[in-house]
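Predicted model only: the values in this text are computed from it and were never measured. Every heavy atom of this structure was used, including side-chain atoms; hydrogens, water molecules and symmetry mates were not. Every chain is numbered from 1, with letters handed out A, B, ... down the list of sequences.
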Number of protein chains: 2
Amino acid sequence: MPKNCNFIEKLREVGLRPTKQRVKMCEVLYNREKTFHFTINDLVKLLSEKMNQKISLATVYNTVHAFEKKGYLKEISIDSHKSYFDTNTSAHHHFFDEDTQELIDCDENDIDKINIKKNITGKKINSVEVLVRVASDNQTQK
Amino acid sequence: MPKNCNFIEKLREVGLRPTKQRVKMCEVLYNREKTFHFTINDLVKLLSEKMNQKISLATVYNTVHAFEKKGYLKEISIDSHKSYFDTNTSAHHHFFDEDTQELIDCDENDIDKINIKKNITGKKINSVEVLVRVASDNQTQK
DNA sequence: CAACAGTTTAGAATTATTATAATGTAGATT
DNA sequence: AATCTACATTATAATAATTCTAAACTGTTG
Ligand SMILES: [Mn+2]
Ligand SMILES: [Mn+2]
Ligand SMILES: [Zn+2]
Ligand SMILES: [Zn+2]
């Protein structure tokens, strides 16, 4: 992601008003070297740290979902109790570290292209995603 | 799954007391031709239909989680709002039909074995799961 | 700068899940 | 077979996550 790119224009392009909350969220989410994964909770903390004024929880939810719908964010669900959003919206796979609860992008070359030999009749494939759960090697239960 | 197999013994084997609720849940879940996918809500409905006495919601949650921990059930998370349990606990992949919200097992031969070329250092792979999202072919948005 | 439509907000409402604590029961012990 | 005890079930309350509501606010247009 390029630094200091014009989020106001970017928001306008997809039909979202460049309100200060949305621009601030863009900065927090996209004004960084690498893409990253976060929970709603993570984001609320990040925003309250980086903002002078307060932001309503409802606004965080609304804006995240607006961004998701517009393709600025992608949701990655780990289990019923843990769900992440991803600023990397391209098709990619993940490792999930069960020790640290960390979600890690799979390098494009680390998994061969998945070949679906037989699809459900009359349906088109929207996405193919792999989740690799990993954990510490020395986890011998007593 | 074999019909009328002895659930009481099966439960004892893994150290769960064969109480009447647990045996009834085994019957509802495993006394059928094919494995299946269900939400907690689905299961509550199934149980209240098939049972003479009432079963507490807390017991359904407790028992599902007991079964999950013992490897009788597997959780499949679609997104933060939708999570299924699977009576097929073997490693397998899924199609998710976004039109009908139906989760469908992938046939073993329909996806080639996933080859993870590079894993996170010092971690072992616990599972590799593919989720293929599909939807109706003629979904042209106006 | 007036007008409007879309946005934010605090707080209430809803939903899903878990905790609590009293009662019930399976399986072991007499 | 009666008793015992640990574990399970239950109704209900509590908690947590998310969404709704309706009033106030603000970016955009003309
Ligand atoms: Mn969502
Ligand atoms: Mn669970
Ligand atoms: Zn990612
Ligand atoms: Zn399945």
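At a threshold of 4.0 angstrom between heavy atoms, the contacts of A:Thr59 include nucleobase atoms, whether or not backbone atoms are also involved.
The aromatic rings of B:Phe67 and B:Tyr30 sit tilted, their planes meeting at an angle between 30° and 60°. Using cut-offs of 30° and 60° on the angle between ring planes, the pair B:His37 and B:His94 is perpendicular.
Atom CD1 in A:Ile78 sits roughly 18 Å away from atom C1' in D:dA17 (whole-Å rounding). The distance from atom CE of B:Met25 to atom P of D:dT9 is 10 Å, rounded to the nearest whole Å. The distance between atom CZ of B:Arg22 and atom C1' of D:dT9, rounded to the nearest whole Å, is 10 Å. Straight-line distance from the NZ atom of A:Lys82 to the P atom of D:dA16: 15 Å, rounded to whole Å. For B:Leu11 and D:dA8, the CG to C1' distance is 13 Å, given to the nearest whole Å. Taking atom CD of A:Glu9 as the reference point, atom P of D:dT28 lies 12 Å away to the nearest angstrom. A straight line from CE of B:Met51 to P of D:dT9 spans 10 Å, rounded to a whole angstrom. Per the geometry, CG belonging to A:Asp42 stands 15 Å off C1' belonging to D:dA17, to the nearest Å.
More than 12 heavy atoms of other residues, nucleotides or ligands lie within 6.0 Å of CD in A:Gln101, so this atom counts as buried by the packing criterion.
In this structure, B:Arg133 does not pair ionically with B:Asp97, as no charged nitrogen and carboxylate oxygen lie closer than 4.0 Å. With respect to the salt-bridge test (charged N to carboxylate O, under 4.0 angstrom), the residues A:Lys117 and B:Asp107 do not qualify. Salt bridge absent: A:Lys10 and A:Glu13 never bring a charged side-chain N and a carboxylate O closer than 4.0 Å.
Remark on DNA chain D: of its neighbouring residues B:Arg17 and B:Val60, the 5'-side contact belongs to B:Arg17, judged by nearest-heavy-atom nucleotide.
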Measure all distances between protein nitrogen or oxygen atoms and nitrogen or oxygen atoms of nucleotides 13-17 of chain C, and list the pairs falling under 3.5 Å.
residue : atom : partner : partner atom : Å
C:dT17  : OP2  : B:Tyr61 : OH           : 2.3
C:dT17  : O5'  : B:Tyr61 : OH           : 3.3

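Closest to the side chain of A:Ala58, out of D:dT26, D:dA11, C:dT9, is C:dT9. For A:Pro18, whose side chain is taken as the heavy atoms from C-beta onward, the closest listed nucleotide among D:dT28, C:dT8, D:dT9 is D:dT28. Each of C:dT8, D:dT9, C:dG27 was ranked by its minimum atom distance to the side chain of B:Arg12; first place goes to C:dG27.
An OP1 or OP2 oxygen of D:dT10 is reached within less than 4.0 angstrom by a side-chain nitrogen or oxygen of B:Gln21. Not one side-chain nitrogen or oxygen of B:Lys20 sits closer than 4.0 Å to the OP1 or OP2 atom of D:dT9.
The only member of A:Asn126, A:Ile116, A:Val128, A:Ile125 that meets side chain to side chain contact (heavy atoms under 4.5 Å, CB included) when paired with B:Val134 is A:Ile125.
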